[in-house]
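Structure, as structure tokens:
In what follows, residues are counted from 1 in the order of the sequence shown. Given the structure is predicted, the values throughout are model-derived calculations rather than measurements. One-based numbering, in listed order, for ligands and for the atoms of each.
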Amino acid sequence: MQPHKILFISDLHLDPNQPSITHTFFYFLERIAPTADALYILGDFFESYIGDDEYSDFLDSIINRLHRATQSGLPIFFMHGNRDFLVGKKFAKRTGMTLISDPTNITLYNQKIVLMHGDSLCTDDKNHQRFRKIAHNKFYQKIFLSLPLSFRQTCANKLREKSMQQNKIKPAEIMDVNQTAVNDVLKKYNAEKIIHGHTHRPMISENRIVLGAWHERGNYLRVDENGFNILQITDNR
Ligand code: MN
């Protein structure tokens, strides 16, 4: 059976210090997502995530809402970004979500589509590619996760500070995708389109769709019989 309506979001950067974004996400889950056949979250759902053993009211509220959504019949697929690569099996179990790898191939309306977070396409950003290699390494992840939570929190804060400083001085084109990397992925998977986030530059082109970040306003990609559309979420934020 052909899927009817699929939704995609990424780069919410959910953060206890930005409650309005969380509020918009809950609104999206309750008012917009229930009519969809599936929801894909393509990374950087959280601004920071240090392991499934962290507990906070903030995390608890998000877990509860996600759980409620999956329990009521919405399949949710979760891909890691460069911020929340430590989201693990426990989180998936508690929420009822399915973790998917980067990249993941799907077929939508007879089109072969590659889903990615998008940071692996930014090959001109050598520093980030070095960090990515370590961050996605299961062995290093295991060591990091065995360290005390307070230490992990300090590391995460330092890393965020450093990345913010670096991103200020990096030229804009280095932080965007590399066209050759895009073409290579399309060719490798014999796909028509890539859907990704990460760059915070929403757009729809022939072979690439970029999801928007949620800093200013929540937004999502809807794929249905009307095609591919990026929509803004208008709630009472
Ligand atoms: Mn990202």
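When side chains are defined from C-beta on, I41 counts as touching I76, because their heavy atoms get closer than 4.5 Å.
Aromatic ring orientation, F28 versus Y220: tilted (interplanar angle from 30° to 60°).
Two rings, from F46 and F91, have their centers less than 6.0 Å apart.
Taking a cut-off of 2.8 Å, the protein N, O or S atoms nearer than that to the Mn ion (ligand 1) are D44 OD2, N82 OD1, H117 NE2, H198 ND1.
Cation-pi geometry between K162 and F131 is not met at under 6.0 angstrom from the ring centre and within 45 degrees of the axis.
We find the CD-CD1 distance between E216 and I21 to be 10.0 Å, quoted to the nearest 0.5 Å.
For the 3.5 Å distance criterion, the side chains of H13 and H200 qualify, holding a donor opposite an acceptor.
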